[in-house]
Amino acid sequence: MAEEAEIDRLPTDVLAHVFVLTPSFTDLAQASAVCRKWKEGVKKSLGRRQCLSFAGRKMDDDTTARILRHAYGLKELDISRSCWGCQITDNGLYQISSAKCVSNLTSISLWGMAGITDSGVIQLISRAKSLQHLNVGGTFITDESLFAIADSCPHLKSIVLWSCRHVTEIGLLNLVHKCRKLESIDVWGTRVPIDCFVGLLTISPALQIKPSGVLVNVGSASVWPVA
């Protein structure tokens, strides 16, 4: 009978601690396939993570949702566009929204996810009641998403709307009016009148509007320049 390897003698909790330190999802997937004990260790390691980033990875709806179902202690989630082409769609956001961790998330990044629409964003945001930081830059969201964010995220402190060219002055004003804890907003590349930003500061004088200098020469230019 073959002698048991030293690592196989480790309790599942210790294995989970080891796997928490493993950043590669490929390595975790391979470890999960070794044996039942290692698979359980990988599951437990996901439950202990507070930050999870899929940025730069080719992920699809089902794989992402399956991983998040085990990450019940998660606080920060980054599913920004992969350099290999993001495969996340509204269906993925619908699946993710049912994960236990969503209500406790304080940070979500959906940067550059061209395959999502207001429908998926609204579904996810409606469950993210603890959200403080949101990045939806480079997406095709409209005021519908901003209305949902304003209604669902009372603790929001920062939002990135980089190049969100379908949001309007109405959505921005509603967002700042309802999210009273909002500290900063990135509006680079949006198609809203510059005078709108004066209105935002009227509502919230301490609001940081990025990029800095956005209010320079108000009155001489009517629209924020688009790159």
Side-chain angles (χ1 to χ4, degrees), residues 16 19-23 25 28 42-57 59-82 86-141 144-162 164 167 171 174-176 178-186 208 210:
F19 293 140
V20 165
L21 304 176
T22 304
F25 287 106
L28 287 177
V42 169
K43 284 185 179 181
K44 285 191 174 184
S45 76
L46 290 173
R48 295 179 182 181
R49 290 176 183 258
Q50 292 194 344
C51 303
L52 199 57
S53 174
F54 298 116
R57 306 177 189 278
M59 304 294 292
D60 58 30
D61 292 339
D62 294 337
T63 302
T64 304
R66 186 165 59 251
I67 291 174
L68 288 178
R69 279 197 292 271
H70 300 296
Y72 47 81
L74 205 61
K75 297 292 186 181
E76 301 178 11
L77 174 63
D78 183 354
I79 43 179
S80 302
R81 180 182 64 192
S82 165
C86 179
Q87 304 296 319
I88 305 297
T89 67
D90 284 341
N91 179 55
L93 296 187
Y94 270 86
Q95 292 185 60
I96 292 170
S97 70
S98 65
K100 292 181 179 179
C101 65
V102 171
S103 62
N104 295 319
L105 288 176
T106 59
S107 177
I108 297 176
S109 178
L110 305 175
W111 186 87
M113 294 176 61
I116 63 174
T117 68
D118 287 323
S119 177
V121 172
I122 291 170
Q123 176 66 23
L124 178 62
I125 292 301
S126 66
R127 298 233 20 243
K129 302 295 184 180
S130 302
L131 196 63
Q132 297 179 23
H133 308 284
L134 176 63
N135 187 341
V136 283
T139 65
F140 297 105
I141 65 165
E144 287 189 49
S145 288
L146 295 189
F147 294 151
I149 295 166
D151 290 336
S152 302
C153 306
H155 305 293
L156 192 68
K157 293 182 178 180
S158 69
I159 185 169
V160 176
L161 298 169
W162 183 91
C164 289
V167 301
N174 183 68
L175 178 71
V176 174
K178 290 188 175 182
C179 294
R180 305 305 294 180
K181 295 183 180 181
L182 194 62
E183 298 173 356
S184 70
I185 182 170
D186 188 333
Q208 295 182 16
K210 301 178 181 180

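- Contact detail for C164 and I141: the closest heavy-atom pair is SG-CG1, 4.1 Å.
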- Message: Walk me through whether V102 and I108 qualify under side chain to side chain contact (heavy atoms under 4.5 Å, CB included).
- Response: CA-CA 9 Å; V102 171; I108 297 176; 5.6 Å; no

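- Donor-acceptor pairing under 3.5 Å is lacking for the side chains of N91 and T89.
- A 4.5 Å side-chain heavy-atom check between C153 and I125 finds at least one atom pair inside the cut-off.
- For the pair I116 and D90, the tightest heavy-atom approach, listed with the atom from each and the gap, is CA-OD1, 3.4 Å.
- With S130 contributing its side chain and S103 its backbone, the two residues share a donor-acceptor pair below 3.5 Å.
- Rounded to the nearest 0.5 Å, atoms CD1 (I159) and CG (L146) are 6.0 Å apart.
- Using a 4.5 Å heavy-atom cutoff, the side chains of K75 and N104 are in contact.
- Atom CG of L134 and atom CG of L175 lie 9.0 Å apart (nearest 0.5 Å).
- Pairing each heavy atom of S98 with each of R127, the nearest pair is CA-NH1, 3.4 Å.
- Of all the heavy atoms in D118 and S145, the pair that sits closest is OD1-OG, 2.5 Å.
- For the pair S152 (side chain) and A148 (backbone), a donor-acceptor distance under 3.5 Å is present.
- Residues H155 and L131 fail the side-chain proximity criterion, which asks for heavy atoms closer than 4.5 Å.
- Note that CE of M113 and CZ of F140 are 12.5 Å apart. Values are rounded to the nearest 0.5 Å.
- With N135 contributing its side chain and W111 its backbone, the two residues share no donor-acceptor pair below 3.5 Å.
- The distance from atom CG of L161 to atom CG of D186, rounded to the nearest 0.5 Å, is 7.5 Å.
- I88 pairs in a side-chain contact (heavy atoms from CB on, under 4.5 Å) with only one of the listed residues (L110, T63, D61), which is D61.
- A distance-only check finds no donor-acceptor pair linking the side chain of S184 to the backbone of S158 [under 3.5 Å].
- Nearest heavy atoms, Y94 versus G120: CE1-CA, 4.1 Å.
- Of all heavy-atom pairs between Q95 and D62, the closest is NE2-OD1, 3.0 Å.
- The structure places CG of L93 at 8.5 Å from OG1 of T117, a figure rounded to the nearest 0.5 Å.
- Once rounded to the nearest 0.5 Å, the distance linking CG of L124 with CD1 of I79 reads 6.5 Å.
- For residues 144-158, the pairs satisfying salt bridge (Lys or Arg N to Asp or Glu O under 4.0 Å) are D151-K178, with sequence neighbours left out.
- Using a 4.5 Å heavy-atom threshold, the side chains of T139 and V121 count as separate.
- For the pair M59/T64, a side-chain contact is recorded, criterion being any heavy-atom separation below 4.5 Å from C-beta on.
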